[in-house]
**Student:** 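Just passing along the structure, written as structure tokens.
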Amino acid sequence: MVKVITYGTFDLFHQGHVRLLERAKRLGDYLIVGVTTEHFDEARGKVNVIDSCLERIENVRKTGLADEIIIEDHAGQKIEDIQKYKVDIFTVGSDWTGTFDYLNTLCKVIYLERTPDISSTMLRSNQFKIVKMGIVGTGRIAARFMAEEKFVSGINTVCAFNPESDSGNLFRKRYGINTYSESYSRFLNEIDAVYIASPNETHYEYARKAIIAGKHVLCENPVALNRHDAAELFELAEKQDAVLLEGIKTAYCPGFQQLINTARSGQIGEIRDIEACFTRLADLHSRERTDADYGGAFLEYAAYTLLPIFKLYGTNYKDVRIHSIKGEAGLDLYTKIELLFDQGMATAKCGVGVKTEGQLVISGSNGYILAESPWWLTKKYKIRYEDPNRVEVFEPTFQGDGLRYEMGEFVAQINKIGKNQYLLTKNEIIAMSEITELFMKERMKGKAI
Ligand code: C2G
């Protein structure tokens, strides 16, 4: 009996896939089809797969061509499978010609002519309305957005807004897109969605106007400086059927989700303490160090440090205390937020003028999770136990600077195929803005916190 094996994602199952499977089947007597998992696709850079793994398996099964369907979930698995299933022929489409020649030592490798003019990517972009995106703010964060944009299908940045025309002009020269400096409403007329990367105090107003104009909003944190404004934005977004996503990029990173789920799984026992710390020394002349009203460590990093705490304990804290060390301009160089919950305690620490280890430690009754700086771009974490020799290390995938994950989710939600609203919830954002409100009240009173 001649055994044949082939692999694929088989997203939005199409004629190209059917023809490939038909010819693969004819190469032998028994066909094994490997279907990729979501995580494996993520790891090999396919971030916009639409159908779930089960749907994709079902579509392969319905062709009646596969004698056996297996799951492909890691690099190097093909070598294992070929040996395990005693495969005679490995086959795949001609778009992969050469890539799998290394399997020649184990079995015969055949590249089948790819069916022209059809692909999952093409079908995905037909399904996806290309989102015309505008950026508010043309500084460092906006530049990062432009760099990541090319990795996310479905986004096309067409213009930018910045009331200071000098910075806007530089941006226009650099990226060749139209910039506006006077009229926000003219800018909004050009686009379907907006990415807000302007100074902190302007987020709420820009977001509100955009939502009222019926635009989707991806807003850098903090989206609002008090509870009322945050809740209002969500209400407005619901009314307008607009997507409102806050840009805490950690929330959308696959590794961070995995870390949170590991903590929730009970592996470290009952969670009793969380310490989340994010410090980055800012230049003495930067906005973070000079803007007495809206600069400082809290507004820069508190959202990141509160995120794991709310994810693991929920948002019903019993007590919160905020302590800051203030610098020259009167703003906070270092802030510590202490929270108390029914099940345990937590500390969130942020710094722009004090440097610390910058780690995330989740302590439980059985062991603890340690993620070192930069845990907010989660690439690695460990579980440690009483026995110092027992250490489990996790190294999840992480690509680019992480922004692509939140951008991908934004486009998916606009196209109503995003299923990941749980990654950062309205309640979590509102609770964060409540704590921001407390902090801002003290700051505005001008008294030492
Ligand atoms: N295919 C084809 N003609 C098309 C489109 C796809 O013959 N017009 C083939 C591909 O070459 C592949 C199979 O159909 O053999 C599945 O395609 P995808 O779902 O795009 O999966 P792919 O990313 O190519 O995965 O490690 C290699 C893989 O697992 C193949």
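Remember, it's 1-based here, ligands and their atoms both numbered in the order they're listed. In what follows, residues are counted from 1 in the order of the sequence shown.
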**Student:** Less than 3.5 Å between some nitrogen or oxygen of T115 and one of ligand 1, yes or no?
**Tutor:** yes

**Student:** Would V92 count as a polar contact of ligand 1, with the cut-off being nitrogen or oxygen pairs under 3.5 Å?
**Tutor:** no

**Student:** Looking only at distances, can you tell me whether any N or O atom of T36, backbone or side chain, sits closer than 3.5 Å to an N or O atom of ligand 1?
**Tutor:** no

**Student:** Is there a nitrogen or oxygen of D95 sitting under 3.5 Å from a nitrogen or oxygen of ligand 1?
**Tutor:** yes

**Student:** Please classify the R19 to ligand 1 contact at 4.0 Å (heavy-atom distances, strictly less than): side chain, backbone, both or neither.
**Tutor:** neither

**Student:** Compute the minimum heavy-atom distance from K78 to ligand 1 and say whether it is under 4.0 Å.
**Tutor:** yes

**Student:** Between E428 and K311, does any NZ, NE, NH1 or NH2 come within less than 4.0 Å of an OD or OE carboxylate oxygen?
**Tutor:** yes

**Student:** Return the residue, atom name and 0.1 Å-rounded distance of the protein heavy atom closest to atom 19 (O) of ligand 1.
**Tutor:** F10 N, 2.7 Å

**Student:** Checking the N or O distance criterion of under 3.5 Å, is ligand 1 in contact with W96?
**Tutor:** yes

**Student:** Is the positively charged end of K78 above the ring of F90, judged by distance under 6.0 angstrom from the centroid and angle within 45° of the axis?
**Tutor:** no

**Student:** Using a heavy-atom cut-off of under 4.0 Å, does the side chain or the backbone of T9 touch ligand 1, or both, or neither?
**Tutor:** both

**Student:** Just checking, any donor-acceptor pair under 3.5 angstrom between side chains of R44 and T9?
**Tutor:** yes

**Student:** Is it the side chain, the backbone, both or neither of L20 that has a heavy atom closer than 4.0 Å to ligand 1?
**Tutor:** side chain

**Student:** Identify the protein heavy atom lying closest to atom 1 (N) of ligand 1, giving its residue, its atom name and the separation to 0.1 Å.
**Tutor:** R114 NH1, 3.9 Å

**Student:** Within a 6.0 Å radius of atom CD on E80, are there more than 12 heavy atoms belonging to other residues, nucleotides or ligands?
**Tutor:** yes

**Student:** Any chance the side chains of E392 and Y385 put a donor and an acceptor closer than 3.5 Å?
**Tutor:** yes

**Student:** Any N or O of F100 that comes nearer than 3.5 Å to an N or O of ligand 1?
**Tutor:** no

**Student:** Salt bridge check: are K249 and E409 linked by an N-O gap of less than 4.0 Å?
**Tutor:** no

**Student:** Between R56 and T36, does the side-chain hydrogen bond (donor to acceptor under 3.5 Å, both in side chains) criterion hold? Intermediate values first, please.
**Tutor:** CA-CA 9 Å; R56 293 182 284 112; T36 53; 3.3 Å; yes

**Student:** Give a yes or no on whether a salt bridge exists between E22 and R19, defined as a side-chain N under 4.0 angstrom from a carboxylate O.
**Tutor:** no

